[in-house]
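Right, one structure below, let's go through it.
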Amino acid sequence: MTTLKTIISVLLLSATIPAMADGGKLSYNDQRRFDYFFLEAVNQQSAGNLSASYDLFRHALEINPNAPEVYYNLAGYYVTMRNDSLSRFNFEKAAELAPKNTTYLEKLGQFYINSKDYESAIKAYEKLYAIQHDNPDVITILLQLYGTQNNYDKMIAMLDRLETVQGSSDRISLTKMQVYQQQGKKKEQEDVLKSMVKKYPNDPNYKVMYCNWLMNNGRSKDAYKTLNQVLKDDPKNVGAQLAMLDYYSSQHKADKTMELTSQLLVSKDIPSNTKAALLRQTIIDNEQHHGDSTAMLNLLDKTLSQPQENGDIYLMKAAYMSLHHMPDSLIDSVYVQALNVEPDNSRARILLLQDLWTKKEYDHIIAVAHPGQEYNPDDMAFYYFEGLAHYMKKDNDKTLATFQKGISQINKDSDPDIVADFYSIMGDIQHEKGQDSLAFDSYEKSIQWKPDNVGTLNNYAYYLSEVNRDLPKAEQMSRKTIDAEPNNSTFLDTYAWILFMEGKYADAKTYIDRAIANDSTLSDVVLEHAGDIYSMNGDNDKALEYWNKAAAKGEGSATLQKKIKLKKYVKE
């Protein structure tokens, strides 16, 4: 049912229809037919019947080919269809037939912008600007469009207009500064800065901004004079102090530079991030000029003598000490200091753990990693370090417990390497405990996270062969490991043994020979496998030789002595 509001809106749109191309208007009947089909198209569109609406708009256009509102509506359909050429034509036709319709002009301009046709967009928005001279949105878009063409004079004109419409502001003034800088107009830049200083006489920050500009433009003496005045009125002004530091540095006054730097680094008025940036630049300058590292460390210690908001500067000191190859124990003590200030600083904790790992201090690693789980429960690295430390201590129960906590934190953004290792080690422990079902499930999850994890693939494949289960799958996984590392004797032995279990004795002999050739310290397991494989290939003398070597190295399997006694392979 047609609402009164819809009828009025359609009548208003219809009122914009111009004379026909031949100079005459639509006849009364044609006008009524047009109104009917156009109104019905709008109704169908509102009801979500877009196909019917589209057909009705097309029919309305056949009745009145000079109806801008129809072109405008059809353009929207072509945008949805991603038909750029027809979208463009219909938007342009609507704007051409109703040149003062701001909605049509704005949509046309937006279409040009989305198409990156900025020259055409400028023309559309200039027409819109002629109608809406005081619309700040139109002015702002024109400003941006002129920027794409590097039309600086027009940009300044738009900024002047924006200033007239909205009043002066820092944002407009600074944008003018940037434009003048692009043009190389230094006088105009200076005039803008002077006007800002004049406008805000009690705000020293504008004077500091002006001083920075003076120094960047070779007028350091003028800048120095103004900075002295600012600091006389406000000795703790951070911006002025930093600008003065730049002045001393530009004039190569090393003593003054270091003196002011030291003052700033111990000042309670300087934010922590500013101090960190200042220290970073000082370190870079010191390294470039091969400065004294002892003096630099003293400066770092002087900075750290003040209460710290976080561990950033401690980490900077640790990095500097590492750069100069200082003892790990001293560097580790700095990491500890960082954590005392900021216990949830995961970077400091991980760096400390990495150093401790190289020393194999497993108890210390556990003591450092465990609190990390409390401060950063979603960081799996801390479960990883603690779990591995327990594993190296052969405490499998604690390893499993730690990794179980770790995997509860897994999400789509987790590190695949860490997750894969979690599951792989869990699988090894579960197999050792005789929990093969759990072990195989863990291995499956490990290779889901990292399909090329050769350690997992090898162990999974070998343990499947031990229980004579899924041998084709085991062979496929084992094959990937020797493709990745063709000279790894452990992987070659696994592959040979799986082939043996499948009854592929000749192939098994080829790979066990490669395993033996690539390992000078063969284990009793590999030696016994070699004996079994040679026996099933009909060479019992060579098999006996390998079995005896296996027996000399270790206990071997439960049937090893029986094989030696009978001089033939005996199935377990």
Just by distance, no angles: are the side chains of D35 and Q31 close enough, under 3.5 Å, to form a donor-acceptor pair?
yes
Just by distance, no angles: are the side chains of Y72 and N90 close enough, under 3.5 Å, to form a donor-acceptor pair?
no
Salt-bridge contact [X]-[Y] (side-chain N to carboxylate O under 4.0 Å):
X    : Y    : answer
D452 : K480 : no
D301 : K317 : yes
K194 : E190 : yes
K187 : D191 : yes
R88  : E92  : yes
E106 : K127 : no
D222 : K225 : no
E188 : K176 : no

Using only atom types and a distance under 3.5 Å, with no angle test, would you say the side chain of [X] pairs donor to acceptor with the backbone of [Y]?
X    : Y    : value
S322 : A318 : yes
D234 : V230 : no
N216 : N212 : yes
S120 : Y112 : no
S305 : K302 : yes
R32  : S27  : no
S267 : Q263 : no
K107 : G76  : no

Write down the atom of [X], the atom of [Y], and the distance for their closest heavy-atom approach.
X    : Y    : value
D332 : D355 : OD1-OD2, 2.7 Å
A348 : L339 : CB-CD2, 4.1 Å
Q44  : A52  : OE1-CB, 4.1 Å
L245 : L260 : N-CD2, 3.6 Å
L56  : A41  : CB-CB, 3.6 Å
Y77  : S53  : OH-OG, 2.8 Å

Mind running salt bridge (charged side-chain N to carboxylate O under 4.0 Å, His left out) on K253 and E259 for me, showing each step along the way?
CA-CA 10 Å; K253 297 184 177 182; E259 180 185 348; over 6 Å; no
In this structure, are over 12 heavy atoms from other groups packed under 6.0 Å from [X] atom [atom1]?
X    : atom1 : answer
K186 : NZ    : no
R219 : CZ    : yes
D255 : CG    : no

Check whether any side-chain heavy atom of [X] sits under 4.5 Å from a side-chain heavy atom of [Y], and report yes or no.
X    : Y    : answer
F382 : E374 : no
L264 : V238 : no
Y28  : R33  : no

List the residues meeting ring pair (Phe, Tyr, Trp, His ring centres under 6.0 Å) with Y206, not counting sequence neighbours, and say none if there are none.
Y200
As a quick check of understanding, evaluate side-chain contact (heavy atoms from CB on, under 4.5 Å) for M380 and F422, giving each step before the final call.
CA-CA 10 Å; M380 298 187 68; F422 271 17; 3.3 Å; yes
Return the set of residues passing side-chain hydrogen bond (donor to acceptor under 3.5 Å, both in side chains) with N151 (not counting sequence neighbours), or none when no residue passes.
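side-chain hydrogen bond (donor to acceptor under 3.5 Å, both in side chains) list for N151, sorted by chain: empty.
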Which side chain to side chain donor-acceptor pair (under 3.5 Å) pairs, counting each pair once, include a residue from residues 336-352, with sequence neighbours left out?
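Non-adjacent pairs meeting side chain to side chain donor-acceptor pair (under 3.5 Å): E342-N345.
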Are F91 and Y104, when compared by the centres of their aromatic rings, separated by less than 6.0 Å?
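Centroid distance F91-Y104: not below 6.0 Å, so no.
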Could you walk me through whether L265 and L278 satisfy the side-chain contact (heavy atoms from CB on, under 4.5 Å) test, starting with their C-alpha distance in whole Å, then the side-chain angles of each, then the deciding distance to 0.1 Å, before giving a yes or no?
CA-CA 8 Å; L265 290 173; L278 181 56; 4.0 Å; yes
